[in-house]
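Structure first, commentary second.
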Amino acid sequence: MVFDNKFIQQRIEKAEILRKEGYNPYSNDSKRNTTVEKYLNVNSDIADKENQRDENRHYIVSGRIKLLRIMGKASFAKIEDESGMLQIYVARDNLPEGFYNNIFKKNIEVGDIIEVAGYPFVTGKGELSLHATELNLLTKAISPLPEKFHGVTDKEIRYRKRYLDLIMNADVRKTFKIRSKVISLTRHFFEDKGFLEVETPMMHPIAGGANAKPFVTHHNALGIDRYLRIAPELYLKRLIVGGFEAVFEINRNFRNEGMDATHNPEFTSIEFYWAYKTYRDLIEITKEYFQYLFEHLNLPTRLPYADMEVNFANFTEVPLIESLTTIGGVPPEVTNDKDKIVAFLNSKNITVKPGMNLGQLQGELFDEFVEEKLIDPTFITEYPVEISPLARRSDENPEITERFELFIAGREIANAFSELNDPIDQLGRFEAQGEAKESGDDEAHEMDVDFVEALSYGMAPTAGQGIGIDRLVMLLTNEHSIRDVLLFPAMKPIHVEEKNIEEEN
RNA sequence: GUCUUGUUAGCUCAGCUGGUAGAGCACGUCACUUUUAAUGAUGUGGCCGAUGGUUCGAAUCCAUCACAGGACACCA
């Protein structure tokens with residue numbers, strides 16, 4: 001039985017007593033006329049009044065009891081609604097005959113959601129409170145709350161029962177409000193720039209737009225497998241072919257890979273595509289976007305992150321190859337020679353898969369020696385073509401692409417490029433990815449003939465970018481695990497004990 | 001996927017080199033009409049994550065499993 005815990009049994013009994021006494025423990029009759037925050041604001045003048053009270057004012061507030069101090073014929077309680085915490089004073093003689101002793105003291109307790117009517121006053125210790133003249137139970141909590149001082153700290157409980165975490169930890173609510181705001185601001189920023197928000201499929205016949213392993217599901221009606229999307233890129237570009245000139249999508253992507261502090265199987269990103277623009281324009285709009293976020297979130301330009309301090313007013317730009325030497329300390333003669341890179345990596349006790357091409361090895365060097373050193377926002381540009389299957393080649397040097405990734409606090413936050421719109425080149429890149437797949441790279445990009453055909457109708461020169469929203473929120477809230485910015489992070493299901501199954505049978 | 005550290009009351013945690021389970025909060029009862037983690041008295045509460053093994057005896061030692069945290073690998 002779910003509710004066989006003795007504390008729960010006790011509370012169920014109290015609910016039953018209340019019902020018998022004529023109080024519905026799950027009443028739907030809320031008469032709240034203000035929030036805690038508004039109450040505290042509106043009545044901030046009470047401290048200056050005679051007797052520090054005003055019995056002519058009348059408010060009804062609602063909230064969950066977080067603390068209860070019963071002192072004989074009077075009690076203090078702290079109730080909390082979404083906007084804040086309020087102390088209420090409940091005295092026997094201000095309530096209907098018998099209510100305080102028989103109902104309030106005996107059957108209402110921490111965790112319950114109540115509604116309190118009364119007038120504002122300030123206590124002897126100077127706390128603006130509410131003097132109760134009426135008190136009603138709205139919802140009986142039959143499970144007890146965690147401990148009042150330490151709350152719930154066990155990460156497993158916090159993630160599995162996020163509702164409990166939210167009840168107990170005000171900071172957690174704050175983080176998710178910031179997350180919501182970031183998404184809302186992002187939407188407004190791009191809408192104001194004339195971008196159109198679109199929705200593209202979550203279930204793809206071919207998992208494309210990134211190098212990653214997909215989740216597979218099955219469509220019974222058609223008898224075919226579908227892949228949860230790993231990126232919306234190829235669909236958004238089809239829309240550019242179709243004539244939309246600026247589109248964006250904020251939504252989930254799914255990747256069937258490991259889980260850790262920065263990876264959840266489903267994660268949120270914004271991708272936006274902008275016709276008649278290049279990656280140079282994306283660098284500018286990205287700076288503007290960050291400025292907009294910081295302004296509207298009221299954040300200082302210098303933010304702490306772990307033991308770092310990030311200066312969001314200091315955006316710099318470094319080509320990838322250059323960063324290997326200037327930031328990574330890799331000798332310049334090494335960076336453009338496959339064998340020398342392998343030898344160099346081996347000398348640092350790093351082994352690489354055989355058969356990697358020059359671009360992939362340069363990417364290895366970057367990951368090993370540069371990435372974690374990029375604290376202030378840094379655009380790393382000019383990525384090798386081998387590791388950029390969807391990016392446009394540079395006109396000056398066909399071996400590199402018009403691409404950048406943005407790194408902040410040692411992490412990739414955004415990936416952007418002038419889009420490849422030459423259908424013949426795109427076909428060739430897919431074929432090269434196919435060869436990489438043959439030689440063991442199971443995350444190489446899939447061939448997507450339908451997408452190539454779309455390009456063959458002509459896609460205007462376009463720039464496109466993806467920004468990881470979860471990681472961005474982590475950065476802005478100084479959270480170090482992606483689970484702390486996801487309301488319901490992925491968790492393994494808990495096994496049902498065999499014993500219990502037998503009992504139920 | 002690998003390594004590593006955890007898992008004891010509703011919650012937060014003790015429990016030494018094996019000897020039959022502890023605290024605080026919460027809850028029950030009593031006292032208390034201005035408290036701030038209220039206070040004082042008193043009481044209830046546990047298949048010590050699961051399954052095996054070693055032992056006269058296991059929360060404690062060993063093995064396997066489950067779940068979680070951290071690190072690494074892969075990735076965003």
Side-chain angles (χ1 to χ4, degrees), chain A residues 3-11 13-14 52-53 66-78 85 87-95 100 105-106 109-111 121-127 129 131 141-161 164 167-168 209-213 230-231 253-269 271 350-351 353 363 367 371 405-407 411-415 441-443 466-472 474 480-483 489 491-500:
Chain A
F3 296 131
D4 56 2
N5 177 280
K6 74 159 204 173
F7 297 107
I8 296 178
Q9 281 301 319
Q10 243 169 42
R11 296 177 78 117
E13 275 169 40
K14 289 182 182 186
Q52 304 213 309
R53 66 187 56 217
K66 298 297 287 289
L67 277 172
L68 192 52
R69 291 185 279 271
I70 296 176
M71 302 171 305
K73 298 179 188 64
S75 301
F76 283 96
K78 296 261 187 184
M85 187 101 80
Q87 176 168 267
I88 60 165
Y89 178 70
V90 186
R92 185 191 65 183
D93 299 340
N94 296 91
L95 292 168
Y100 180 81
K105 262 168 78 175
K106 288 222 171 78
E109 56 202 319
V110 172
F121 79 113
V122 174
T123 64
K125 297 281 159 63
E127 181 168 347
S129 307
H131 197 123
I142 59 167
S143 283
L145 289 185
E147 204 243 5
K148 64 183 171 188
F149 187 59
H150 300 92
V152 56
T153 58
D154 185 292
K155 287 202 165 157
E156 185 169 357
I157 299 177
R158 289 187 45 217
Y159 298 147
R160 285 192 197 279
K161 303 186 181 180
L164 255 194
I167 290 171
M168 299 308 294
N211 296 1
K213 293 190 203 98
I230 55 175
N253 295 317
F254 307 87
R255 299 194 183 173
N256 204 342
E257 282 158 1
M259 289 159 62
D260 62 25
T262 55
H263 296 85
N264 194 68
E266 51 181 306
F267 63 100
T268 301
S269 72
E271 287 204 10
I350 300 157
T351 50
K353 281 183 227 158
D367 292 345
E371 184 168 2
E405 288 197 2
L406 173 63
F407 293 87
R411 275 202 203 122
E412 186 191 334
I413 293 294
N415 181 19
D441 181 358
D442 54 3
E443 285 176 357
I467 302 173
I469 297 290
D470 311 285
R471 290 183 179 184
L472 177 61
M474 285 169 70
H480 307 117
S481 170
I482 196 167
R483 296 185 186 95
M491 301 288 277
K492 272 201 200 181
I494 305 173
H495 264 252
V496 179
E497 300 297 334
E498 284 173 31
K499 254 188 209 170
N500 293 347

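Each chain gets a letter, A, B and so on, in the order its sequence line appears, and its residues count up from 1. It should be emphasised that the depicted structure is a prediction, and the values quoted were computed from it without experimental measurement.
Residue A:Lys148 places its side chain closer to B:rA38 than to any other of B:rA38, B:rG28, B:rU34. The side chain of A:Glu147 lies closest to B:rG10 when the candidates are B:rG28, B:rC67, B:rG10. Nearest to the side chain of A:Tyr89, among B:rA76, B:rU12, B:rU34, sits B:rU34. Nearest to the side-chain atoms of A:Glu156 among the listed nucleotides B:rA76, B:rC67, B:rG69 stands B:rC67. Side-chain proximity of A:Arg483 to B:rG69, B:rU35, B:rC74: nearest is B:rG69.
Between the side chain of A:Glu127 and the base of B:rU34, no donor-acceptor pair of N or O atoms lies under 3.5 Å. A donor-acceptor contact under 3.5 Å links the side chain of A:Thr123 to the base of B:rU35. The base of B:rA73 sits with one of its N or O atoms less than 3.5 Å from a complementary donor or acceptor on the side chain of A:Asp260.
Remark: A:Lys78 engages A:Glu127 in a salt bridge, criterion side-chain N to carboxylate O under 4.0 Å.
Residue A:Arg69 has a polar side-chain atom (N or O) positioned under 4.0 Å from OP1 or OP2 of B:rA38.
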Dot-bracket encoding of pairs in RNA chain B, which uses [ ] for pseudoknotted crossings and | for another strand, Watson-Crick or G-U under 3.5 angstrom: (((((((..((((.....[..)))).(((((.......))))).....(((((..]....))))))))))))....

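Applying the 5.5 angstrom centroid cut-off and the 30 degree plane-angle cut-off, the aromatic ring of A:Phe7 is not stacked upon the base of B:rG45.
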